[in-house]
Asker: 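Please read through the structure below; I'll follow up with questions.
We number each residue from 1, following the sequence as shown. These numbers come from the heavy atoms of this one structure, side chains and all, not from hydrogens, waters or symmetry mates.
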Amino acid sequence: MLNPEKYPHLTSPIQIGRVIFRNRMFSAPMGATDITPDCCPGPGTQGFYELRAKGGAASVTVSELVVHPETDGSHMLHLNLETVGCLPAHVFVADAIRRHGSIPSIELSHSGQYAGTYMSDKNKKASLCQWGPSDGTRPDGRPVKALSKEQIADIVKAYGENAALCKRAGYEMIMVHAGHGWLIHQFLSPYLNHRTDEYGGTLENRIRFAREVLQSVRDAVGPGFPIELRLSGSELFDGGYGIEDGCVIAHTLEDLVDIIHVSAGSYQFGFFNTTPPMFDPHGVNVWLAAEIKKHVSKPVATIGGLSDPDQMEEIIASGKADIVYMGRQLLADPFLPNKVMAGEEDKIVRCLRCYTCMAERPVTFTRRCAVNPMIGREIEGMEVLPAAHKKKVMVVGAGVAGLKAAVTAAQRGHEVILCEKSDKVGGILKSEQAISFKYEMYQLGLTFERQAIAEGVDIRLNTTVTPEYVAAEKPDALILAVGSNPIVPNLPGIDGDNVVVVNNYYLEKEKVQDSVVVLGGGLAGCECAVHLGQEGKKVHLVEMRDTLAPDCNIRNRPILMRKVAEFCEAHTCYAGLKITLEGVVCRDKDGNEVLVPGKTVICAVGQSSNRADVDALRRCAPYVREVGDCVRPANITKAVYEGYHAALDI
């Protein structure tokens with residue numbers, strides 16, 4: 001049933017040019033998953049974009065189409081008639097999006113001085129010439145060469161030629177990427193553009209290249225065909241342009257476009273403004289769109305950590321924007337728009353903003369989502385299919401791995417019993433409810449629980465499973481998801497009243513005083529230290545290794561380290577010797593004993609797999625699978641994937 005009463009603005013259609021979009025929830029451009037060696041979309045890419053169209057997004061934007069390979073060596077999508085199969089591959093992608101009622105859009109892009117960013121062989125970047133508005137040097141030390149006027153004219157022409165081919169392929173909207181530090185943005189930026197000709201100097205001159213590009217695209221696609229300008233409302237760093245110039249840029253260019261898509265920031269100083277981390281409020285960049293909307297008459301789109309339908313409804317209802325874009329959230333739950341339209345918003349799986357999806361890209365050149373194992377593998381199937389034969393499945397342990405296994409097995413049509421020895425499901429995720437920026441992780445357990453109930457899973461709390469219990473139930477399959485236990489080092493004073501194990505912090509918050517030592521500088525310890533520092537406590541972070549949070553992914557870790565530096569004092573190569581009422585006595589790398597002061601000690605030295613329960617139950621059914629932390633303590637991604645695939649195998 002349509003739910004217009006609760007979300008009347010979010011669920012209402014909007015007409016842009018000659019195109020009608022079914023709602024106001026658009027899927028942001030996110031890089032493809034299997035680009036071929038000649039830069040065409042592979043079959044996995046088609047599935048990657050199709051899933052979000054099937055999930056109800058009004059528009060799905062394909063990212064990124066390089067318009068001028070001669071000056072942009074990034075390994076991203078191309079579109080030309082010379083490469084055999086290139087045009088048909090794009091036709092299939094556009095058709096896969098359109099067949100589900102979504103409008104296929106494609107992002108035209110030029111990396112400029114960031115050519116090579118998405119190449120799988122990073123060493124080849126050294127052989128590329130990075131082009132930009134001016135001579136200079138990139139933050140990584142690579143030289144940048146200024147484009148000539150002849151090259152600029154050729155790039156402008158290429159935008160139009162590619163736009164015409166995109167229209168021919170079946171895309172029904174063009175997004176011109178003029179933000180995030182890519183080439184058009186580089187011309188707009190006073191920090192990067194030092195030209196002295198008609199393309200540099202004044203803001204009017206710096207806008208010239210963008211205007212020529214948009215005119216080229218308009219000439220190619222004709223009137224009524226929607227063109228969307230993706231713009232950073234502000235560069236958000238000293239020396240870059242601010243929101244005042246952002247408003248002028250939008251106003252100056254709006255006559256050539258149909259949607260002004262307001263993002264934020266520049267990759268010049270990191271992507272965290274463009275793609276807000278878990279530490280930022282949801283919708284942290286909406287204010288930029290709201291300000292620009294005051295200065296333009298065309299529809300305005302906003303983006304940035306949006307996942308809550310209530311917040312998105314308010315954004316549109318209050319006039320801050322006309323359209324909301326989601327990127328990572330539609331990886332976590334591609335069906336969010338359908339759920340909103342159907343009044344099933346309580347079933348939405350929230351994005352954790354953990355950067356798993358973005359960290360996978362530079363490492364393996366694929367996509368992966370911590371909470372959605374279908375992402376990047378949509379070609380294998382976009383639905384959980386019924387099993388050929390119904391079986392009785394018992395899942396032991398209701399943490400994230402066990403919950404995902406139980407839900408998936410039930411979706412397969414099996415009879416599922418989920419046993420949990422405590423009085424609540426969620427496992428280690430329960431401990432995240434006390435840390436504000438990790439609350440979505442706690443919510444994940446609740447969402448999976450609701451899914452399990454909806455699928456008819458028999459959830460048995462306060463139930464300890466023994467071999468005798470299994471024998472009495474006679475399951476055909478047994479999935480062991482019995483988790484891990486916190487490691488508590490054998491240090492003098494570890495059992496004192498001033499010590500709290502990090503897993504129990506949510507139960508013992510009142511014990512934590514105004515000065516704290518966090519013992520253990522892995523991911524959990526660092527995040528706990530940041531949280532306590534944000535609460536105004538004096539925090540010392542102690543780690544015996546020389547590196548903090550080596551278990552954190554490569555995209556999240558730099559941001560986490562900034563927060564650690566901001567909110568606590570870190571001590572690496574410090575080995576804990578004993579705990580006193582004054583803090584933790586440690587041995588530093590030179591062998592000296594040092595007191596790290598704190599009235600409370602948080603023990604966060606890691607987890608140990610619960611192998612005893614595994615060993616007791618591993619031979620109790622014809623099919624037995626071990627999943628999650630009981631195999632090896634790791635992360636949510638590993639737990640979700642293992643639980644999901646174990647259930648698919650039954």
Side-chain angles (χ1 to χ4, degrees), residues 64-74 108-117 128-163 174 176-220 227 229-257 260 265-269 295:
E64 299 180 35
L65 183 73
V66 170
V67 299
H68 198 255
E70 294 85 350
T71 53
D72 187 353
S74 300
L108 302 186
S109 179
H110 192 302
S111 307
Q113 71 173 31
Y114 288 105
T117 298
L128 298 176
C129 182
Q130 276 80 18
W131 298 92
S134 308
D135 292 332
T137 304
R138 289 190 348 183
D140 62 1
R142 298 189 187 281
V144 179
K145 188 173 181 180
L147 290 163
S148 68
K149 290 185 182 179
E150 292 74 19
Q151 287 174 310
I152 291 173
D154 201 42
I155 292 170
V156 168
K157 179 183 176 184
Y159 269 96
E161 292 171 344
N162 276 268
I174 298 292
V176 176
H177 196 350
H180 301 173
W182 272 193
L183 183 61
I184 298 176
H185 185 157
Q186 291 162 28
F187 272 84
L188 295 172
S189 172
Y191 186 87
L192 296 171
N193 185 347
H194 305 292
R195 297 179 75 99
T196 56
D197 60 10
E198 65 267 35
Y199 291 100
T202 66
L203 181 57
E204 180 183 5
N205 281 354
R206 285 185 277 119
I207 293 174
R208 189 181 307 277
F209 177 59
R211 188 161 187 85
E212 290 178 355
V213 165
L214 291 169
Q215 187 65 63
S216 178
V217 172
R218 176 55 73 198
D219 291 344
I227 298 174
L229 174 66
R230 193 182 202 193
L231 176 73
S232 288
S234 169
E235 292 190 86
L236 298 177
F237 63 80
D238 291 340
Y241 68 77
I243 184 59
E244 296 81 6
D245 283 354
C247 291
V248 173
I249 293 166
H251 177 72
T252 304
L253 297 173
E254 72 166 318
D255 63 306
L256 293 172
V257 302
I260 298 172
S266 170
Y267 290 157
Q268 182 73 17
F269 291 102
H295 297 81

Asker: Which donor-acceptor pairs under 3.5 Å do the side chains of residues 237-252 make with protein atoms, sequence neighbours left out?
Answerer:
residue: Tyr241; atom: OH; partner: Ser232; partner atom: O; Å: 2.5
residue: His251; atom: ND1; partner: His295; partner atom: O; Å: 3.1
residue: Thr252; atom: OG1; partner: Val248; partner atom: O; Å: 2.6

Asker: Tyr159: what forms a ring-ring contact (aromatic ring centres under 6.0 Å, His included) with it, not counting sequence neighbours?
Answerer: none

Asker: If you measure from CZ on Arg230 to CG on Leu108, what distance do you get to the nearest 0.5 Å?
Answerer: 12.5 Å

Asker: I'd like to check Val144 versus Thr137 (side-chain heavy atoms, cut-off strictly below 4.5 Å). Are they in contact?
Answerer: no

Asker: Go through the structure and list residues passing side chain to side chain donor-acceptor pair (under 3.5 Å) with Asp72, not counting sequence neighbours.
Answerer: Ser74, Ser111

Asker: Identify, with sequence neighbours excluded, every residue that meets side-chain contact (heavy atoms from CB on, under 4.5 Å) alongside Asp219.
Answerer: Gln215

Asker: Using atom types as modelled and distance alone, determine if a side-chain donor or acceptor of Ser266 lies under 3.5 Å from a backbone N or O of Glu235.
Answerer: no

Asker: Taking all non-hydrogen atoms of both residues, which atom of Glu64 and which atom of Ser109 are closest, and how far apart?
Answerer: OE1-OG, 2.5 Å

Asker: Is the shortest side-chain heavy-atom distance between Ser134 and Leu192 below 4.5 Å?
Answerer: no

Asker: Could I get the full list of side-chain contact (heavy atoms from CB on, under 4.5 Å) partners for Pro69, not counting sequence neighbours?
Answerer: Val66, His78

Asker: Please tell me if the side chains of Leu183 and Trp131 come closer than 4.5 Å, counting only heavy atoms from C-beta onward.
Answerer: no

Asker: Using only atom types and a distance under 3.5 Å, with no angle test, would you say the side chain of Asn162 pairs donor to acceptor with the backbone of Val67?
Answerer: yes

Asker: Using the test side chain to side chain donor-acceptor pair (under 3.5 Å), find all partners of Lys149 that sit at least two apart in sequence or belong to another chain.
Answerer: Glu198

Asker: If you look at every heavy atom in Ala163 and Val217, which pair is closest and at what distance?
Answerer: CB-CG1, 3.9 Å

Asker: Between Ala115 and Gly73, what is the shortest heavy-atom contact and its length?
Answerer: CB-N, 3.6 Å

Asker: For Asp135, which residues count as a side chain to side chain donor-acceptor pair (under 3.5 Å) partner, sequence neighbours excluded?
Answerer: none

Asker: Give me the ring orientation class for Phe269 and Tyr191: parallel if the planes are under 30° apart, tilted from 30 to 60°, perpendicular past 60°.
Answerer: perpendicular

Asker: Going by side-chain contact (heavy atoms from CB on, under 4.5 Å), name the residues that satisfy it together with Ser234, two or more places apart in sequence or in a different chain.
Answerer: Leu236, Leu288

Asker: Anything under 30° is parallel, anything over 60° is perpendicular, the rest tilted; go ahead and classify Tyr199 against Phe187.
Answerer: perpendicular

Asker: The criterion is side chain to side chain donor-acceptor pair (under 3.5 Å); which residues satisfy it with Gln113, sequence neighbours excluded?
Answerer: Gln268

Asker: Only pairs at least two apart or in different chains count here, so list each salt bridge (charged side-chain N to carboxylate O under 4.0 Å, His left out) that has a residue in residues 200-212.
Answerer: Arg211-Asp255

Asker: Can you give me the closest heavy-atom contact between Ile152 and Leu147, atom names plus distance?
Answerer: CG1-CB, 4.0 Å

Asker: Should Leu256 and Ile227 count as side-chain neighbours, where that means a heavy-atom distance under 4.5 Å?
Answerer: no

Asker: Can you name the nearest heavy-atom pair linking Gly265 to His185, along with the distance?
Answerer: O-CE1, 3.5 Å

Asker: Mind checking what makes side-chain contact (heavy atoms from CB on, under 4.5 Å) contact with Thr196, not counting sequence neighbours?
Answerer: none

Asker: Salt bridge (charged side-chain N to carboxylate O under 4.0 Å, His left out): which pairs involve residues 182-194, sequence neighbours left out?
Answerer: none

Asker: Mind checking the CG-CD1 spacing from Leu253 to Ile260? Nearest 0.5 Å is all I need.
Answerer: 8.0 Å

Asker: Identify the two heavy atoms, one from Asp154 and one from His68, that lie closest to each other, and give their separation to 0.1 Å.
Answerer: OD2-NE2, 2.8 Å

Asker: For a quick check under 3.5 Å, do Thr71 and Gln151 share a side-chain donor-acceptor pair by atom type?
Answerer: no

Asker: For Leu231 and Leu188, run side chain to side chain contact (heavy atoms under 4.5 Å, CB included): C-alpha distance rounded to whole Å, both residues' side-chain angles, the deciding distance at 0.1 Å, then the answer.
Answerer: CA-CA 10 Å; Leu231 176 73; Leu188 295 172; 4.0 Å; yes

